[in-house]
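Here the structure is laid out as structure tokens; the discussion comes afterwards.
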Amino acid sequence: HDVDERIGCTKDELAALLAEMSRGLRDVPSRDSARAWREEAVALRNRSIGLDARLEDLAVHARWSPRIDPEDLESLRQSLNANRVMSSRVLSIASDLATAAGGRSQTRLPQAALSPLADLIAMAADNIAAEDPNTSVGRTQAHEAVRVADQTAQIALIGGIVSSINRINAASSDSGDDTGEFDHVAT
């Protein structure tokens, strides 16, 4: 199905964007690179949401077409839900990084948190790209990143990123049921 291929492409692009953010986070990211990550994340999230209409078209035509298997449709729906959650969380991470890169000193990420966060984001990228993702990845790095964030705003920022990574990992391994998939609304 065309929808399945598009879901796979979006998933690959989400993994690539997370990998790029991970590499860029090894040093303090510039405002421009953080904005570019956010813009790409918005486009991927929008593309993911746009696949809903294609899936609904397939569902409508399934009634009249013996070539469309209802089990395949359900599998596509689960993949699409997971993809939507992952794209929403990648957008959340990109937005948080853009805030940190362009923000005041109290919202900037501490230097010591950059490497553990970069590791976490890289693992999330690997989980999205993996055939059999492991959702228990990165707990030590998450604790290290939070430990070195000494200001409340930094702790909130890092906590939000870690929460999004955990949701990406969970969505990449199951149907993507997540009640907070649209917490970050971006245009």
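In this structure, the separation between CG on Leu51 and CG on Asn46 is 11.0 Å, given to the nearest 0.5 Å. Here CE of Met86 is found 6.5 Å from CG of Leu14. Values are rounded to the nearest 0.5 Å. For the atom pair CG (Leu25) and CG (Asp119), the distance works out to 9.5 Å, reported to the nearest 0.5 Å. The CD atom of Glu13 sits 4.5 Å away from the CZ atom of Arg47 when rounded to the nearest 0.5 Å. Distance check, rounded to the nearest 0.5 Å: CD1 of Ile7 to CZ of Arg84 gives 9.5 Å. Rounding to the nearest 0.5 Å places CG of Asn83 at 13.5 Å from CD of Gln78.
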Yes or no on side chain to side chain contact (heavy atoms under 4.5 Å, CB included) for Leu80 and Arg54, after CA distance, side-chain angles and deciding distance?
CA-CA 11 Å; Leu80 184 60; Arg54 290 187 174 276; over 6 Å; no

Go through Arg77 and Glu56 one step at a time and tell me if the salt bridge (charged side-chain N to carboxylate O under 4.0 Å, His left out) criterion holds.
CA-CA 9 Å; Arg77 190 174 314 281; Glu56 290 313 309; 3.0 Å; yes

Could you walk me through whether Ser33 and Ser30 pass side chain to side chain donor-acceptor pair (under 3.5 Å), step by step?
CA-CA 5 Å; Ser33 62; Ser30 71; 3.0 Å; yes

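Across Ser22 and Ala122, no two heavy atoms sit closer than the pair OG-CB, 3.3 Å. Heavy atoms only, all atoms of each residue included: Ala125 and Ala15 are closest at CB-O, 3.4 Å.
Annotation: side chain of Arg38 is not in contact with side chain of Leu97 (no heavy-atom distance under 4.5 Å). Side-chain contact between Arg26 and Leu114 is absent, with no heavy atoms from C-beta onward closer than 4.5 Å.
With Ser48 contributing its side chain and Leu44 its backbone, the two residues share no donor-acceptor pair below 3.5 Å.
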